[in-house]
Amino acid sequence: MSVVMITIATLVVLGATAAVILYAAAQKFKVYEDPRIDQVEAVLPAANCGGCGFPGCRAFAEALVKADDISTLLCPVGGAAVMAQAAGILGKEAAATAPMVAVVRCNGNCDVRPKTNNYDGASSCAIAASLYGGDTGCSFGCLGLGDCVDACQFDAMYMDEKTGLPVIIEDKCVACGACVKACPKIIIQLRKKGPKSRRIFVSCVNKDKGGVARKACEVACIGCGKCEKVCPHGAITITNNLAYIDDEKCKLCRKCVEVCPTNAIHEINFPPRKEKTTEEKTEEAPAN
Amino acid sequence: MTYALIVISAIFVNNVVLAQFLGICPFLGVSKRISTAIGMTGAVTFVMIIATLMTFLLQKLVLEPFEITYLQTISFILVIAALVQLVEIILKKISPPLYQALGVFLPLITTNCAILGVAIMVIQKNYNLVESVVFAGATALGFGLALITFAGIREQLDLVDLPKGMSGTPIALVVSGLLALAFMGFAGLV
Amino acid sequence: MAKTESTLVNMLLTLLVIAVISGASLGYVYKLTKAPIEQAKAAKQQAAIKDVVPEFDNDPLAEAKTLQSEDGLELKMFPAKKAGELVGVAVETLTNNGFSGEIRIMVGMQPDGTIINYRVLDHKETPGLGSKMEEWFRPQAPKADATADQETSFAKWLYGIKASGGGNRSIVGMNPGKNKMIVSKDGGEVDAITAATISSRAFLDAVVRAYKTYAKEANLSTDAVSGATTKEGGKNYE
Amino acid sequence: MNKLTVSPSPHVHSGDSVKKNMYGVIIALMPALLASLWFFGVGALVVTLTSVAACLLFEFLIQKYLLNRAPSILDGSAIITGLLLAFNLPSNLPIALIIIGAAVSIGIGKMAFGGLGNNPFNPALVGRVFLLISFPVQMTSWPLPIASRMSYVDALTGATPLAVLKEGVKSGQSMAELTEKIPSSINLFLGNMGGSLGEVAAIALIIGLAYMLIRRIITWHIPVSVIATVLIFTGILHLVDPQQYVSPLFHLLTGGLLLGAIFMATDYVTSPMSHPGMIVFGVGIGVITVLIRVFGAYPEGVSFAILIMNAFTPLINKYIKPKAFGEVAKPVKA
Amino acid sequence: MNNWKIFANGLLKENPTFTLLLGMCPTLGVTSSAGNGLGMGLATTFVLVMSNMVIALVKDFIPDKVRIPAFVVIIATFVSVVEMSMQAYLPSLFASLGLFIPLIVVNCIVLGRAEAFASKNNPFRSILDGLGMGLGFSMALTLLGSVREFLGSGKIFSLAIYPEDYGMLVFVLAPGAFLALGFLIAIINKLKAA
Amino acid sequence: METNTMEPNQTIEHEGIVVSINDRKIVVRIMAQSACSGCHAKGACSAADMQDKLIDIAPDGHDYHTGQRVVISGHQSLGFKAVLYAYVIPSILVITSLIVAYATTNSDMASAIISLATVSVYYGVVYLLKDRLQKTFSFKIKNQFS
Amino acid sequence: MLKTFSIGGIHPAENKLSAQNPIATLDLPAQAIVMLAQHIGAPAEPVVQKGDIVKTGQLIAKASGFVSANIHAPVSGTIEKIDDVADASGYKRKAIFIKTDGDEWLETIDRTPDLKKEISLSPAEIIQRIADAGIVGMGGATFPTHIKLAPPPGKKCDILIINGVECEPYLTADHRVMLEKGDEIMVGIAILMKALSVNKAIIGIENNKPDAIAHLNKMAQAYQGISIMPLKVQYPQGGEKQLIDACIGRQVPSGKLPIEVGAVVQNIGTALAIYEAVQKNKPLIERVITVTGKSVSTPGNYLARIGTPMLSLIEASGGLPVDTGKIIGGGPMMGKALTSIDIPVTKGSSGLLIMPDREATRQPMQNCIRCAKCVSACPMGLEPYLLMVLSQKGIWDRAEEEKVMDCIECGSCSFTCPSQRPLLDHIRLGKNKVGQIMRSRTK
Ligand SMILES: Cc1cc2nc3c(=O)[nH]c(=O)nc-3n(C[C@H](O)[C@H](O)[C@H](O)COP(=O)(O)O)c2cc1C
Ligand SMILES: Cc1cc2nc3c(=O)[nH]c(=O)nc-3n(C[C@H](O)[C@H](O)[C@H](O)COP(=O)(O)O)c2cc1C
Ligand SMILES: Cc1cc2nc3c(=O)[nH]c(=O)nc-3n(C[C@H](O)[C@H](O)[C@H](O)COP(=O)(O)O)c2cc1C
Ligand SMILES: Cc1cc2nc3c(=O)[nH]c(=O)nc-3n(C[C@H](O)[C@H](O)[C@H](O)CO)c2cc1C
Ligand code: SF4
Ligand code: SF4
Ligand code: SF4
Ligand code: SF4
Ligand code: FES
């Protein structure tokens, strides 16, 4: 019996000491961690893309729990659905944000924008952009070296070999904005996805005067002002020879698309018109 | 001379990580940066030495006299777990800034196999107290040697494009394997 | 069910209960396994002894004797007796000169020191190399050699020599008092394990040590005994 | 006017290329190859051809089918790996083992990391040490030079001078006895001794070194520091106790020291980038080599020493930087 | 989650060795042969199942703040039980697993499952979880052991497949353990991706 | 900006959240990294090692608010120094005092006690140097740049 | 042994095709296009309007801001317009278009060829005269010279170094200037010495120009404190820091300016321009340009007015070769590839190099084989292979630690790399990014 007694005694002593120390340590070091952080983290997509502006999903979850008002915070990947879930957990109000998607605002493919020289440097838009304006007459347009594609973690972009332009796969794009940051030419923009994924935007960023722009690229915005005039909702402004459509104001009436002499304005996911067949560069994504 | 042999053997010939397979988790986990690896080595050395000292005394003063050596596992683990925490508490008490600085730089040391393993090994090897502690220190240095060189290689590999399937754990294991292969050259030094 | 709250009393109580239960069960298991563990240990030794000496009817474990070797190591000697007469001795011997770590061997000898058989109890030599000593120093089954010869020359070309082979490797029947029990490379009579000379030397060292220690005890002659690895260069084991 | 090419500066290039360097090394290896053919005949030929072919094949297969890249087997690096692997094997090594060695060199040593330039360890040595540890028997039976010219796997074998020495010292023979068993210095210099097929002829290796230095394929730092360290270290030991420790010249001319110092420690990919770093690297190799040779279990330690220092290369690169412009004295930080 | 899923989780999806990379020391240390791997795996499984069960049973009585020490004691108890029983009844296996048996106590899988699963679920589910994780671990160890034994000495579970002398000795030694596991994980990743 | 040209200005950074502010100090909470921090399985293995640490920082004239996310930085050599004082020196002390004590007393027990006492004395000294260390180990809140 | 700088360096093929061709004066252009941004710093502000009539040498744009420079009319004529024109990068920049109707100079300018030796102005007046004349560094950096001549408080200059190295392959403009304008240069140097109040000046010239060395050595006899230092041929010896190291063995610390070690470096051409500005009151309206290339029929050196179209230079050299693949403004190591030749001569144009097709494109790049040849070549003791990866992966803090900002963009690394890696391309991007970060930090 003595063995068992000694065993028990030793264990009790050791166990108690250890427990006291461990307990003390727990008291000393453990800072209360809101259990809701875990819950919120669980509903976040775990993409850790940083699109929310925080380093990683957990950090964002913490921020959500901490913040009094979460309506300014958004997980672009999870979108409104996830934010609503998180808001539910936290009993706070989520922002009613419209889903966004990236668009490429340059349509100068190889046919309409002839090359004027050959680029032979390191394959990076950032490097090319710091060297010169580009291998075409347009010093604003896409350089086609794919920094944006490399930046996308979601495989939502690819370079179209034929046009030399990046293409966004809108079903995969989560609007994290990585490509926007990557593009040295500020060609990619996050825009409202729009009802049924329909949206209209000016697919050009050229600020040269009309003639110059036209010479460099057939589909450039020449700043002629026709769209500005025709828009019944005042959604279009022209600055520096370039039209811009405000997606808050645009009602998707498509009048501007028709009047643009260079087809610089793009409509996406609209049913085809009867009169003329629109050549869409974006592949037909099912309107969902 | 024995001490020298113990030291050489523990660092090079029977390296804890590369030959004994102890402490693999921190070896794979805390080896992404050289600086952290260096810091970790310092911390592990201290904990290993103190833990070995304590468990050695426990073994010789309690377990063996009372013939309850079968409590070795359970009592050692309790002692070590408590000790690790105790060190932190003491550090925090005596110098909050020092403790804070460590917090910024170092991951916590949790009990890992290497520490328990060394504590048990010195008993198995029948070392005396000083030998045990020297062995513990040398083992920790061996751990550090492996950890730091490994961290260096990983920092370098971070900058190259590895084949897709290999990056992450597989390549870490392959590097460890090659490191172990290289360390086999020390065989028989002791 | 409501969770027990973290009051001091509760906590101490829980820990106490857990420690008591765990202690009690461990103690119980210890008691249960104590005998089998000792048996297992004894069985191992017993089996080893049985392996290496002729049949006996005494209890060698009970009659075991601890001897000191010349260089201060402790060896155990187990006399095997049949009808009260010594038919052989088993000596548990060891060496530190292995490739890595200690090697323990049970050596069985006739009363005059002629080796009957041996059994490697414990070693840390490299598997596939040093570990071959478990079999190597016994007479070979003739069959193995036959298959080796049958290998086609193509296989040899592709794959090469095998680690086995070697002629004069059995120590059974040798007597360290008469035979030069060091590896043939060093001028002895025993062929070393291919590519594991170090282990072979260590093995023979242990065997010779067993003999010498026993011989001293039994007052046999040790004149011809050649220290296998006593004059090791470069290495010094304390 | 045709379209102008635009690129960032500079607009001219030295014309140097990976291929030029690699084929330069291959040329530098030729004297040693010829010497090994002279001493080991058919065996050397079979082993070298098998090794090079297998390395090229594995490089091709892995690049094409596992990495899905355009194979670049002709850049010369796989040929070097093949040659150097062969140079580190005994000339009677059976084909299957050579192929395993090549697979390990290329597959584990190089391609697992993404191919040329990425590997932290010297591929040929990875293959060699893998074989040594896996097949110690086959890897340590050395054909006798010249005598075994006409035979392959069934060549007559003997020990290398280093093995003779190690065995001898261990079994307590005197240095005078041992010196008789060891070939004369001139034979050591010419390569008339047992050993891996490419390591024996010191003279041929030195010609290769001279060629690479003249063509500026490598710099002197690594070979010189390795060799100097070994000479100094063994010199000291020899002076302390000439009975126990053999002369530095013997260490220099036997085993793979020259092959390693000239061709394997200098591998760009796995050696440090700065000149001070290279010297530290070389000294490290020298010291470890001597430690293993003199105190370790293996008679030869160059391969292990290089691999071990390969592991330290990233640390050396991190902490021993080239002398930066404008720096008066570099603060040495550990 | 249904019971089957709890069980299967540890086998494949969250296999402690191949996906969670837990308990690497025994994984590498004892797998020089398939038999050792299996033995170690089963020993760990026993501890996992028992400690999960006991912890799930008593979880409500244990105040939160002494949870960890309590769990440690419970786990260590079972480890000691395994240790002693193995020593008594399987002495040769015990000899070859050596140090790694007592080290089960620090194996992250065991404490991890106690914390993450058993302290939140009922005993039955906890047993299933322990069993799944344990068998997943055993499976991985056996697989790795078989690969190493096969490549290293031409055997699997000590059954000779080809002559031992043709084996690649590295695989039974330390470097081979790392290399074999590295490539196994790479292959498994590849299979999973495909 | 004055860069120290002789030494690479290696800093170490850590993210944290401001938890409290008063005029003497800003307290920033950082997530301590456990040995398994990089491990995606840490959920399965949380052996009391996910702890937060609070870092005191002297006010630097900028405005911070509670809950703000900041990056704190310090010179990297601080880390090495901290490890040196906290672990390396005591390790050396334990071993040397143990060996010396054992050589003189030849008793396990006595030497163990002596060496533990040495460490305690060392920690006592560290305790006395509290203020010194406070100055050495100070962190800054780093201006964030994009 | 000839001196040279202590770290790194390369020796590209020199190809000084036009070294023996005397400077020819180019005809006036029919229209001069004068860019407003011809120097480092803020573009100048036009002070003329469309329709204004200007005389040669008349101020047409004023320096705006601290780092900026005046611009003068290179021809006489009518201001046609002030409009965008594509610069060498293809970006639109403002320029003043002058329709040439002759070459009527301002009366204040002394156009006689006589050498005017005595220096009457005080140092302050000299610097003012240089600022007025719109002189910028002609060595390539186009940094306004008057700023360089006024060291910041607390810093003292004790030696002037004149950069006659011209280490870029192909270029020979400075070489010709040294041979043909030795006297003027000497006086220019004396002026600079006075402005800086130093009594020592060294002219560093690479040994591949023995005639220039001999010529200037002869000239220098007559001047107190000016000496010629022949240097071993080694690129990029012309880099300021390298030249100081080579001539006087002082190394400018990382991130610091030459004045830190008491030196000021000026280009040969700058010295000449200073002579003309100070002694003859002539602003910077023309410069010597080398037009060269292996397929160019008559490579040559030309004195051309600012604003002259590049095309006229090419025509003067026998027209654009049919196999033209790349046109470089400047030398092959540091020059800028032009997207078109419709650009005008600016103050910084030192040469026009026309490269044939076969040499115009780079070889495909391979993995870095860590050969360390770039490390050995780098004159700043950097590790280009590492800097490239760090900027590729966007690890800016490490790039800063590894001193990416010390890179002088000499291109020695890309030149040597056997794997044909575009090291400098990436490093330059890294410099930009790290520079931005560092600047944002000081804010
Ligand atoms: C002496 C020492 C210096 C360190 N220096 C840095 C450093 O410069 N930057 C850093 O991010 N982490 C540094 N760390 C490690 C961090 O504390 C932390 O462990 C590490 O950033 C976590 O690794 P992760 O970034 O891979 O998660 C250092 C640690 C020590 C012990
Ligand atoms: C991985 C490895 C393990 C080895 N293990 C042993 C061993 O256990 N026992 C041994 O005697 N030799 C071992 N050796 C071989 C020795 O290093 C040495 O080469 C050999 O003992 C002496 O050569 P020889 O026996 O062929 O004369 C091993 C070699 C290697 C590569
Ligand atoms: C890599 C490199 C090479 C240079 N080569 C020359 C050169 O050959 N000749 C020259 O006058 N300036 C050269 N420079 C410019 C000088 O560094 C420095 O700007 C110039 O000599 C200063 O004189 P300045 O202000 O009169 O132009 C070079 C600069 C760099 C970075
Ligand atoms: C000077 C020099 C030495 C080389 N040495 C080796 C060598 O020892 N082993 C090897 O596999 N490859 C060698 N190579 C080839 C190549 O660099 C090597 O395969 C790379 O490590 C593969 O990434 C060498 C190449 C050069 C230029
Ligand atoms: S396309 Fe752009 S915004 Fe969309 S997921 Fe990819 S990187 Fe993010
Ligand atoms: S959109 Fe921007 S980043 Fe993408 S390829 Fe074009 S220029 Fe490059
Ligand atoms: S360009 Fe920069 S990095 Fe490259 S060699 Fe020149 S100074 Fe060095
Ligand atoms: S020169 Fe090229 S290949 Fe060599 S180290 Fe530099 S970048 Fe790498
Ligand atoms: S199992 Fe994790 S450290 Fe050993």
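Labels below follow one simple rule: chain letters A, B, ... track the order of the sequence lines, proteins then strands, and each chain is numbered from 1.
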Which bit of D/Phe121 is near chain B, if near means a heavy-atom gap under 4.5 Å: side chain, backbone, both or neither? side chain
Under a 4.5 Å heavy-atom cutoff, which of D/Ala311, D/Pro120, D/Gly109 has the most pairs with chain B? D/Ala311
Got a sec, which residues hit ring pair (Phe, Tyr, Trp, His ring centres under 6.0 Å) with B/Phe27, two or more places apart in sequence or on another chain? B/Phe150
Closest heavy-atom pair and its distance - D/Ala265, D/Ile285: CB-CD1, 3.6 Å
Measuring only between side-chain heavy atoms, which start at C-beta, is D/Leu84 closer than 4.5 Å to D/Met264? yes
Which region of B/Val175, side chain (C-beta onward) or backbone (N, CA, C, O), has a non-hydrogen atom less than 4.5 Å from a non-hydrogen atom of chain D, or is it both or neither? both
Does any non-hydrogen side-chain atom of B/Leu147 lie less than 4.5 Å from one of B/Val17? no
Hey, does D/Phe113 have a side-chain heavy atom less than 4.5 Å from the side chain of B/Met166? no
Under 4.5 Å from any heavy atom of chain D, what part of B/Ile8 do you find: side chain, backbone, both or neither? neither
Closest-packed option against chain D by number of heavy-atom pairs under 4.5 Å, given B/Leu162, B/Val174, B/Leu181: B/Leu181
Using heavy-atom distances under 4.5 Å, tell me whether D/Leu67 contacts chain B through its side chain, its backbone, both, or neither. side chain
Between chain D and chain B, which N and O donor-acceptor pairs fall under 3.5 Å? A table would be great.
| unit_1 | atom_1 | unit_2 | atom_2 | d |
| --- | --- | --- | --- | --- |
| D/Asn118 | ND2 | B/Asp161 | O | 3.4 |
| D/Ala297 | N | B/Ala187 | O | 3.1 |
| D/Lys318 | NZ | B/Glu155 | OE1 | 3.0 |

Measuring only between side-chain heavy atoms, which start at C-beta, is B/Ile90 closer than 4.5 Å to B/Val87? no
Side chain from CB out, backbone as N, CA, C, O: work out which of these in D/Ile288 comes under 4.5 Å of a heavy atom of chain B, or both, or neither. side chain
Assert top hit (heavy-atom pairs under 4.5 Å, partner chain D, pool B/Leu159, B/Ile171, B/Val13) equals B/Ile171
By ring pair (Phe, Tyr, Trp, His ring centres under 6.0 Å), D/Phe58 pairs with (sequence neighbours left out) none
Suppose we screen for ring pair (Phe, Tyr, Trp, His ring centres under 6.0 Å). Which residues come up paired with D/His221, at least two apart in sequence or across chains? D/His275
Just wondering, do B/Ile115 and B/Val47 contact through their side chains at under 4.5 Å, heavy atoms? yes
Between D/Leu252 and D/Thr234, does the side-chain contact (heavy atoms from CB on, under 4.5 Å) criterion hold? Intermediate values first, please. CA-CA 9 Å; D/Leu252 176 68; D/Thr234 54; over 6 Å; no
